[in-house]
Amino acid sequence: EAQVTQNPRYLITVTGKKLTVTCSQNMNHEYMSWYRQDPGLGLRQIYYSMNVEVTDKGDVPEGYKVSRKEKRNFPLILESPSPNQTSLYFCASTRQAGTDTQYFGPGTRLTVL
Amino acid sequence: GQQLNQSPQSMFIQEGEDVSMNCTSSSIFNTWLWYKQDPGEGPVLLIALYKAGELTSNGRLTAQFGITRKDSFLNISASIPSDVGIYFCAGRLSQGAGSYQLTFGKGTKLSVIP
């Protein structure tokens, strides 16, 4: 089954404790991205990757890092989480940059205390 | 970056009623997309629009790409309880640097009263 998976689905952590949210897709997609969703703000792009080893900042990259060492995986790293990063995070993948069917993962709800 | 204004923010409607929502942009877009997000899940693409004036349907859903290329509309006819969710518009300007990025509206939360 074609899908995007994220782990963990829920996470409660404390300020400053490094964490990684994993994202994996099994569709051989080139383009992957991370979004955060906050009430009243919709979806905002954090980082995106056009292909392996190619990443770039989205609209709200501060406080986040990503890597794309393999085509299928695109982890989101919070080196020193802060409470304002409490949010619902979505990973998404698309066959190629510019194609429209963007497949979203199920989301990761992060709470930073 | 580009700004998308989506309205209304939320709607409560009776089952069977028609629904309309829209998005307006401060910039011209070459592509308009409409997504639906069910509770607890990620957004799913409903309709994609590529040409100014284009009108596209997907079952009870109809979306239009505005003539000015700065707006788009989504209509749902004869709403049913499973239409409940958050509907997002998204636009893309397919030219120049950053052209692959989508800009999302803030969403319209739809509630259907049986």
Side-chain angles (χ1 to χ4, degrees), chain A residues 2-7 9-10 21 23-25 27 29-51 54-62 74 76 87-109, chain B residues 1-10 21 23-27 29-51 54 56 58 63 65 72 85-109:
Chain A
Q3 60 183 349
V4 179
T5 57
Q6 294 177 228
N7 281 293
R9 293 291 313 278
Y10 302 91
V21 184
C23 172
S24 183
Q25 50 91 6
M27 296 168 280
H29 284 174
E30 291 184 355
Y31 185 88
M32 298 183 74
S33 58
W34 276 101
Y35 295 88
R36 60 177 289 174
Q37 183 178 16
D38 301 290
L41 296 177
L43 287 157
R44 294 179 293 167
Q45 192 177 49
I46 303 170
Y47 267 94
Y48 64 96
S49 169
M50 304 261 292
N51 213 324
V54 181
T55 64
D56 210 344
K57 295 177 181 178
D59 296 318
V60 288
E62 293 78 20
F74 189 45
L76 179 69
S87 187
L88 179 58
Y89 291 87
F90 287 102
C91 179
S93 75
T94 314
R95 182 172 53 86
Q96 289 179 320
T99 61
D100 302 309
T101 304
Q102 189 157 185
Y103 294 85
F104 282 83
T108 295
R109 186 166 290 283
Chain B
Q2 291 121 0
Q3 300 288 321
L4 278 189
N5 293 312
Q6 185 171 351
S7 65
Q9 284 187 328
S10 62
M21 58 191 80
C23 274
T24 58
S25 168
S26 57
S27 307
F29 285 122
N30 290 348
T31 301
W32 281 97
L33 307 172
W34 285 92
Y35 287 83
K36 183 194 177 197
Q37 182 180 24
D38 289 324
E41 298 187 14
V44 173
L45 182 66
L46 297 173
I47 293 178
L49 302 159
Y50 303 104
K51 190 176 171 184
E54 180 181 354
T56 297
N58 178 4
F65 192 141
S72 180
I86 303 176
Y87 292 79
F88 290 100
C89 64
R92 178 167 60 227
L93 176 62
S94 302
Q95 294 173 5
S99 64
Y100 306 113
Q101 292 174 257
L102 290 175
T103 299
F104 281 83
K106 295 178 181 179
T108 295
K109 186 174 183 179

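So you know, we letter chains A, B, ... as the sequences are listed, proteins then strands, and number each from 1.
At least one side-chain heavy atom of B/Met21 sits less than 4.5 Å from a side-chain heavy atom of B/Tyr87. Put simply, the side chain of B/Ser25 reaches to within 4.5 Å of the side chain of B/Trp32, judged on heavy atoms. At least one side-chain heavy atom of A/Arg44 sits under 4.5 Å from a side-chain heavy atom of A/Asp38.
At a 4.5 Å heavy-atom cutoff, A/Arg109 makes no contact with chain B through either its backbone or its side chain. Contact of A/Gln37 with chain B is made through the side chain alone, with heavy-atom distances under 4.5 Å. Contact annotation for B/Gln6: neither backbone nor side-chain heavy atoms come within less than 4.5 Å of a heavy atom of chain A. Residue contact with chain A, scored on non-hydrogen atoms closer than 4.5 Å, involves the backbone of B/Glu41 exclusively. Using a 4.5 Å cut-off between heavy atoms, A/Tyr31 contacts chain B through its side chain alone, with no backbone atom that close. Both the backbone and the side chain of A/Gln102 come within less than 4.5 Å of a heavy atom of chain B.
Residues A/Thr5 and A/Gln3 bring no donor and acceptor atom of their side chains to less than 3.5 Å of each other.
Residues passing the ring pair (Phe, Tyr, Trp, His ring centres under 6.0 Å) test with B/Tyr35, sequence neighbours excluded: A/Phe104, B/Phe104. Under the side-chain contact (heavy atoms from CB on, under 4.5 Å) criterion, B/Lys106 pairs with no residue at all, not counting sequence neighbours.
The choice from B/Gly40, B/Pro43, B/Ala48, B/Gly107 that makes the most heavy-atom pairs within less than 4.5 Å of chain A is B/Pro43. Top candidate by heavy-atom pairs under 4.5 Å with chain B, chosen from A/Gly42, A/Cys91, A/Ser33, is A/Gly42.
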